[in-house]
Number of protein chains: 2
Amino acid sequence: MDHPDCPDQRHQNCRVMNEVLTRVGDRWSVQIVYALSRGTMRFNELKRELGISQRMLSESLRDLERDGLIARRHFATIPPRVEYELTDLGRTFQEPVMALAKWALDHQTCIEANRRSFAEAETGHGAEALAGEQASPNRA
Amino acid sequence: MDHPDCPDQRHQNCRVMNEVLTRVGDRWSVQIVYALSRGTMRFNELKRELGISQRMLSESLRDLERDGLIARRHFATIPPRVEYELTDLGRTFQEPVMALAKWALDHQTCIEANRRSFAEAETGHGAEALAGEQASPNRA
DNA sequence: TATACCGGTATGAAATTGACACCAGGTTGC
DNA sequence: GCAACCTGGTGTCAATTTCATACCGGTATA
């Protein structure tokens, strides 16, 4: 991940993107922000909705808080209550995340179809140019 | 995709997002699409620019091809030449990816500042509450 | 001869992740 | 009384993912 000096601006962008996306661009962070975009949520509420392990959730939440995308509010009641919500910065991230989510939902079936035809082309017959040609774009 | 009244639908959305983002939403796929958005690229060209390991690159490229986001063209020359480019579907993905990239570049310094003040609040101690409050969001 | 290029694959080590148990400390069920 | 639960975590260990590295074929270059 470290590179020899590459004056190329493109490469710089890639490096920065890599750093930032490594922290806030993984699938759990994206989904946490997506879930919190509807409002405050509690720990186990998020856990149930995302189907994430406890460990990854608490870790991801801590990282997101550290980066200033979400705020954590702790109520010392019994049983304890901890609420998470987006900060202003988090809400700016919400925009590209929603775009990503929309794309994912919109193209899910298309992608699944592509995977199936790719698998068929592999198992079925030999080198029929099917894979490249038929995994063709966007027949949503 | 907006069904606030139906938690099951929300959960369903999360599940679908998880599935799709697990495949095409990881940091390498995002960066590959970002890199290819400027045009065709060769294998080692991508490798150099992204700083990705060979194994991950070939794997990511294969997955992206399988899902129909990129096309692979192989020239049986010596030395071999393999070119990758976005398909039409890939170009639709390019949109949210560019939004993500733009956000990452725009808010990089903000995030780094937040992390620093969070670390300070931890070590220097004092007002933990400040960490959340002072990680002041988005003066973009 | 030795070296490098190019696009991979194979291998073992390191890092990440998930499943699960554990904690406090009060509430509910029996 | 007492076990079992609830909450928001942490710790442990195994499985998965990722990385660094070595290697390959076939040619050009030094």
Side-chain angles (χ1 to χ4, degrees), chain A residues 1-4 14-15 17-19 21-32 35-36 40-67 70-85 122 127 131-132, chain B residues 14-15 17-19 21-32 35-36 40-67 70-85 118 122 128-129 131-132:
Chain A
M1 260 146 267
D2 50 338
H3 286 285
C14 280
R15 204 184 48 75
M17 265 188 67
N18 194 2
E19 281 176 15
L21 291 184
T22 295
R23 295 185 212 136
V24 301
D26 64 289
R27 75 172 195 261
W28 290 132
S29 299
V30 165
Q31 283 179 91
I32 288 170
L36 289 182
T40 299
M41 277 206 202
R42 299 179 59 176
F43 184 88
N44 276 337
E45 202 176 352
L46 279 165
K47 177 167 171 270
R48 273 190 298 271
E49 184 157 320
L50 301 187
I52 185 179
S53 70
Q54 248 167 338
R55 194 155 112 61
M56 280 311 296
L57 179 57
S58 69
E59 208 170 294
S60 300
L61 287 170
R62 199 185 313 120
D63 288 347
L64 285 172
E65 190 197 357
R66 184 179 54 168
D67 290 347
I70 66 176
R72 183 188 129 114
R73 232 178 318 164
H74 177 260
F75 303 89
T77 61
I78 301 285
R81 175 184 192 85
V82 182
E83 291 183 350
Y84 295 92
E85 62 182 344
E122 265 181 342
Chain B
C14 281
R15 205 185 47 75
M17 265 186 66
N18 194 2
E19 280 176 16
L21 291 183
T22 295
R23 294 184 214 138
V24 301
D26 65 286
R27 72 172 196 260
W28 291 131
S29 299
V30 165
Q31 284 179 91
I32 289 171
L36 289 182
T40 298
M41 278 205 201
R42 300 179 60 176
F43 185 89
N44 277 337
E45 201 176 353
L46 279 165
K47 175 166 173 270
R48 273 189 299 270
E49 183 157 321
L50 301 188
I52 185 179
S53 70
Q54 244 166 340
R55 197 184 187 297
M56 278 312 296
L57 179 56
S58 69
E59 206 170 295
S60 301
L61 287 170
R62 199 183 314 119
D63 288 347
L64 284 172
E65 188 197 0
R66 183 179 54 169
D67 289 348
I70 67 176
R72 184 187 127 115
R73 231 178 319 163
H74 178 259
F75 303 88
T77 60
I78 301 284
R81 176 185 192 85
V82 182
E83 290 183 348
Y84 296 91
E85 61 182 345
F118 192 88
E122 269 181 339
E128 294 84 9

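Predicted, not measured: the structure shown is a model, and the values here were computed from it. Numbered from 1 within each chain, the chains take letters A, B, ... in sequence-line order.
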Under 4.0 Å from OP1 or OP2 of [N]: is there any side-chain N or O of [X] that close?
| X | N | value |
| --- | --- | --- |
| Arg72(A) | dG9(D) | yes |
| Trp28(A) | dT16(C) | no |
| Arg42(A) | dG8(D) | yes |
| Arg48(A) | dC6(D) | no |
| Ser58(B) | dT9(C) | yes |

Note, [X] side chain near [Y] side chain (heavy atom, < 4.5 Å):
| X | Y | answer |
| --- | --- | --- |
| Glu83(B) | Glu85(B) | no |
| Ile32(A) | Met41(A) | no |
| Asn44(A) | Lys47(A) | yes |

Just the rounded figure in Å: distance from [atom2] of [N] to [atom1] of [X].
| X | N | atom1 | atom2 | answer |
| --- | --- | --- | --- | --- |
| His74(B) | dG7(C) | NE2 | C1' | 8 Å |
| Ile52(A) | dA19(C) | CD1 | P | 10 Å |
| Gln54(A) | dC6(D) | CD | C1' | 12 Å |
| Asn18(A) | dT18(D) | CG | C1' | 13 Å |
| Lys47(B) | dC6(C) | NZ | C1' | 10 Å |
| Leu57(A) | dG8(D) | CG | P | 10 Å |
| Met56(B) | dT16(C) | CE | C1' | 12 Å |
| Glu59(B) | dT16(D) | CD | P | 14 Å |

For Arg48(A), what residues pass the salt bridge (charged side-chain N to carboxylate O under 4.0 Å, His left out) criterion, not counting sequence neighbours?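 With sequence neighbours excluded, Arg48(A) shows a salt bridge (charged side-chain N to carboxylate O under 4.0 Å, His left out) to no residue whatsoever.
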Under 3.5 Å donor-acceptor pair, Arg55(B) side-chain atoms to dT11(C) base atoms: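 Check passes, donor-acceptor contact within cut-off.
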Select from Ile78(A) and Ser53(A) the residue whose nearest nucleotide in DNA chain C is closer to the 5' end of that strand.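 Comparing both residues, the 5'-ward one is Ser53(A).
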Where is the tightest heavy-atom contact between Tyr84(A) and Leu36(A), given as atom of each residue plus distance?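 In terms of heavy atoms, the two residues are closest at O-CD2, 3.4 Å.
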Of Val82(A) and Asp26(B), the one whose closest DNA chain D nucleotide lies more 5':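 Taking each residue's closest nucleotide, the earlier one in sequence belongs to Val82(A).
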Select base, sugar-phosphate, or nothing to describe what Phe75(B) touches, counting heavy atoms under 4.0 Å on all strands.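 Result for Phe75(B) = nothing.
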